[in-house]
Amino acid sequence: MEKIDKLDRQILNIISRNARIPFKDVAEECGVSRAAIHQRVQRMIDMNVIVGSGYHINPKILGFNTCTYIGVKLEKGSMYKDVVPEFEKIPEVVECHFTTGPYTMLIKLYARDNEHLMELLNGQIQEIHGVTATETLISLRQSVKREIPIFTTAE
């Protein structure tokens, strides 16, 4: 795999704060040409350093007021591969992780309200074959959301 150098890290630091910043502004801040920025960004996309792009949507504006993390216990950890497709069928589930610790899986979902959350838990999640228990943690407020830190020097 190719190395990420200081300029790449500088570019990542800038575009991770504002993905819509024009390349000419990135180039100006980095002291290189716009073409160099374009080539570097494309190379990092090709290397899977940059994965995806898009807009962040505010769930609350769309009526999803309850952000919830649910620890899921399965009969056997090996059932994970069978349970993931079931979570993929539930549009409110936005993340699913296979974990260590007290839970086999940790999922994140958004619900309109507590009643909707209860419907999701009782009517869908706890009905999935292999799910033996769940523990629900409701997020009261997201205090930090950011990308992994980009240091301009290799550490």
Side-chain angles (χ1 to χ4, degrees), residues 1-74 77-113 116-117 120-121 124-125 128 134-155:
M1 185 165 129
E2 296 180 52
K3 290 280 189 185
I4 302 299
D5 65 16
K6 185 176 179 179
L7 178 57
D8 292 331
R9 291 175 184 276
Q10 188 177 8
I11 294 165
L12 288 170
N13 196 19
I14 295 165
I15 66 175
S16 69
R17 290 190 314 254
N18 178 6
R20 295 173 14 159
I21 188 170
F23 280 177
K24 69 176 183 57
D25 294 350
V26 178
E28 186 176 300
E29 192 170 332
C30 294
V32 297
S33 71
R34 187 167 57 190
I37 298 300
H38 180 73
Q39 290 170 348
R40 293 285 185 128
V41 168
Q42 187 58 53
R43 184 172 101 330
M44 288 189 282
I45 290 169
D46 294 342
M47 292 171 51
N48 285 325
V49 173
I50 299 171
V51 289
S53 63
Y55 297 99
H56 296 283
I57 298 166
N58 183 343
K60 290 184 179 190
I61 299 298
L62 298 177
F64 291 89
N65 295 303
T66 304
C67 176
T68 308
Y69 295 87
I70 301 171
V72 179
K73 293 183 181 182
L74 300 180
S78 62
M79 297 180 87
Y80 171 77
K81 65 185 175 304
D82 301 318
V83 173
V84 169
E86 298 303 313
F87 284 134
E88 288 175 335
K89 293 176 186 175
I90 304 170
E92 294 87 349
V93 173
V94 296
E95 290 184 25
C96 176
H97 303 268
F98 188 38
T99 61
T100 62
Y103 309 112
T104 313
M105 303 170 75
L106 184 67
I107 63 171
K108 178 181 178 181
L109 67 78
Y110 287 96
R112 289 185 300 276
D113 50 33
H116 182 211
L117 174 59
L120 291 168
L121 279 168
Q124 294 186 53
I125 294 168
I128 296 172
T134 59
E135 184 172 347
T136 304
L137 303 140
I138 295 175
S139 172
L140 300 176
R141 175 180 293 146
Q142 179 177 318
S143 302
V144 176
K145 180 177 177 145
R146 60 181 166 208
E147 294 296 319
I148 191 165
I150 310 296
F151 300 103
T152 53
T153 59
E155 296 185 10

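Bear in mind the structure is a predicted one, so any value in this text is a computation, not a measurement. Numbers here simply count residues along the sequence, with the first being 1.
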Any side-chain heavy atom of [X] within less than 4.5 Å of one from [Y]?
X      : Y      : value
Ile50  : Ile15  : yes
Val72  : Leu106 : no
Ile138 : Cys67  : no
Glu135 : Ile70  : no
Thr68  : Leu121 : no
Phe87  : Ile107 : yes

Side chain to side chain contact (heavy atoms under 4.5 Å, CB included) against [X], all qualifying residues, sequence neighbours excluded:
X      : answer
Leu140 : none
Glu88  : Val84, Pro85
Asp82  : none

Return each pair, listed once, that meets side-chain hydrogen bond (donor to acceptor under 3.5 Å, both in side chains) where at least one residue sits in residues 55-67; pairs must be two or more places apart or across chains.
none

Nearest 0.5 Å please: distance from the [atom1] atom of [X] over to the [atom2] atom of [Y].
X      : Y      : atom1 : atom2 : value
Ile125 : Leu120 : CD1   : CG    : 5.5 Å
Asn13  : Glu29  : CG    : CD    : 8.5 Å
Leu74  : Met79  : CG    : CE    : 7.0 Å

Which pairs of donor and acceptor atoms, one on a side chain in residues 92-100, lie under 3.5 Å apart (sequence neighbours left out)?
from	atom 1	to	atom 2	distance (Å)
Glu92	OE2	His116	NE2	3.1
Glu95	OE1	His97	NE2	2.9
Thr99	OG1	Tyr103	O	2.8
Thr99	OG1	Thr104	O	3.4

For Leu62, does the CG atom have more than 12 heavy-atom neighbours from other residues, nucleotides or ligands under 6.0 Å away?
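It does: Leu62 CG has more than 12 such atoms within range.
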
Got a sec: does the NZ of Lys108 have more than 12 other heavy atoms crowding it under 6.0 Å?
yes

Test side chain to side chain contact (heavy atoms under 4.5 Å, CB included) on Val26 and Val32; report intermediate values, then the result.
CA-CA 9 Å; Val26 178; Val32 297; over 6 Å; no

Check: residues 33-49 side-chain donor-acceptor pairs under 3.5 Å, at least two apart:
from	atom 1	to	atom 2	distance (Å)
Ser33	OG	Ala36	N	3.0
Arg40	NH1	Asp5	OD1	2.8
Arg40	NH1	Asp5	OD2	2.9
Arg40	NH1	Asp8	OD1	2.9
Arg40	NH2	Asp5	OD2	3.4
Gln42	NE2	Asp46	OD1	3.0
Arg43	NE	Glu2	OE1	3.3
Arg43	NH2	Asp8	OD2	2.8

Closest non-hydrogen atom pair, Val83 against Met105
CG1-SD, 3.9 Å

Just to verify, what does Lys89 make a salt bridge (Lys or Arg N to Asp or Glu O under 4.0 Å) with, not counting sequence neighbours?
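Glu86.
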
Tell me, please, which residues at least two apart from Thr134 pass side chain to side chain donor-acceptor pair (under 3.5 Å).
Gln126

Given 3.5 Å as the limit, does a donor-acceptor pair link the side chain of Lys81 with the main chain of Ser78, or not?
yes

Go through the steps to decide whether Cys30 and Ile14 satisfy the test side chain to side chain contact (heavy atoms under 4.5 Å, CB included), and finish with yes or no.
CA-CA 9 Å; Cys30 294; Ile14 295 165; 3.7 Å; yes

